[in-house]
Amino acid sequence: DQQVKQNSPSLSVQEGRISILNCDYTNSMFDYFLWYKKYPAEGPTFLISISSIKDKNEDGRFTVFLNKSAKHLSLHIVPSQPGDSAVYFCAAITTGGSYIPTFGRGTSLIVHP
Amino acid sequence: GAVVSQHPSWVICKSGTSVKIECRSLDFQATTMFWYRQFPKQSLMLMATSNEGSKATYEQGVEKDKFLINHASLTLSTLTVTSAHPEDSSFYICSARDYYQETQYFGPGTRLLVL
């Protein structure tokens, strides 16, 4: 049973527009969430995170929103750039536990020039 | 952000040989390191978690005698694939976090090809 779900395997966006990547989770014990970006044959790169005590965190073009009641988070990229084309993984952690993150399956983002 | 390195970045070996992959945290002390495996077009699969100075905890289905993990210092963990076979060919990625952070940082990965 997947505790972290990224239901869209792929997303295509025009350069300059907003990219919205979604992530849902089922385990209410998760209290810290992270987004990673991954290019083929490379390790994931940390992008942005959010604690469950917040509902929004912003870093440059990247904003993560957390809706705890819906167990949903999203990553917004504005404006999208072709270099953003990659696979984006959502991950969730229980900080009072093992700290082992649970990853979603990833969403492949393609930003067209 | 924090930097994690892996060495080698890729390796080709004959079936039956053992391969060691190193994972180093370069600017922080990694109390916990994780080893992942990624198959083509699939998500990251956690293989094991290691805490410095103690034995690694392996995920279900991962053979601990096959994938030896050593986390001997706060900046180094090694994964040794023993008696490698072609089905062990994969992309192995390590990550690390220190005690005071929730975020873990990933290495660049090691591509293993067993002939």
Side-chain angles (χ1 to χ4, degrees), chain A residues 1-10 21 23 25 29-54 57 59-60 62 64 66 73 86-108 110, chain B residues 1-10 21 23-26 28 30-51 54 56-60 62 89-113:
Chain A
D1 179 37
Q2 266 197 293
Q3 296 188 59
V4 177
K5 299 178 183 179
Q6 292 177 257
N7 291 318
S8 298
S10 63
L21 298 111
C23 180
Y25 61 97
M29 298 298 290
F30 290 143
D31 58 358
Y32 197 83
F33 305 88
L34 310 97
W35 283 95
Y36 290 87
K37 173 182 179 180
K38 187 181 182 303
Y39 294 113
E42 292 185 15
T45 303
F46 170 71
L47 277 178
I48 193 169
S49 62
I50 188 167
S51 166
S52 61
I53 62 173
K54 295 184 175 181
N57 189 23
D59 184 1
F62 302 93
V64 56
L66 175 63
L73 62 154
V87 177
Y88 290 78
F89 290 98
C90 163
I93 293 174
T94 303
T95 57
S98 65
Y99 278 85
I100 297 175
T102 301
F103 283 88
R105 292 190 185 277
T107 296
S108 177
I110 299 172
Chain B
V3 178
V4 176
S5 70
Q6 272 183 250
H7 177 80
S9 57
W10 65 279
I21 303 170
C23 177
R24 293 181 186 274
S25 58
L26 300 184
F28 67 99
T31 49
T32 305
M33 285 186 165
F34 305 88
W35 285 95
Y36 294 85
R37 184 173 177 178
Q38 184 180 33
F39 295 97
K41 298 183 180 180
Q42 293 190 29
S43 184
L44 301 170
M45 183 194 81
L46 179 65
M47 298 175 66
T49 303
S50 71
N51 293 296
S54 61
T57 301
Y58 290 81
E59 296 299 300
Q60 193 172 11
V62 178
S89 299
S90 191
F91 190 55
Y92 293 88
I93 309 172
C94 73
S95 69
R97 59 171 284 267
D98 72 28
Y99 183 79
Y100 300 102
Q101 292 189 46
E102 292 85 3
T103 302
Q104 59 177 266
Y105 296 92
F106 286 83
T110 297
R111 172 75 60 191
L112 171 63
L113 177 61

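Quick caveat, the model's predicted, so the values are computed rather than measured. Just so we're on the same page: letters track the sequence lines, and every chain starts at 1. Excluded from the calculations below are hydrogen atoms, water molecules and symmetry mates; all remaining heavy atoms, backbone and side chain alike, are included.
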request  = Against chain B, label A:Y36 side chain, backbone, both or neither, depending on which of its atoms sit under 4.5 Å from a heavy atom there.
outcome  = side chain
Can you tell me how far the [atom1] atom of [X] sits from the [atom2] atom of [Y], to the nearest 0.5 Å?
X      : Y      : atom1 : atom2 : answer
B:T103 : A:I93  : OG1   : CD1   : 7.0 Å
B:L44  : A:F103 : CG    : CZ    : 5.5 Å
A:E42  : B:F106 : CD    : CZ    : 13.5 Å
B:S95  : A:F46  : OG    : CZ    : 12.5 Å

task = Heavy-atom distances under 4.5 Å only: say whether B:Q6 touches chain A with side chain, backbone, both or neither.
result = neither
note = Max heavy-atom pairs within cutoff under 4.5 Å with chain B, candidates A:P44, A:P9, A:S51, goes to A:P44
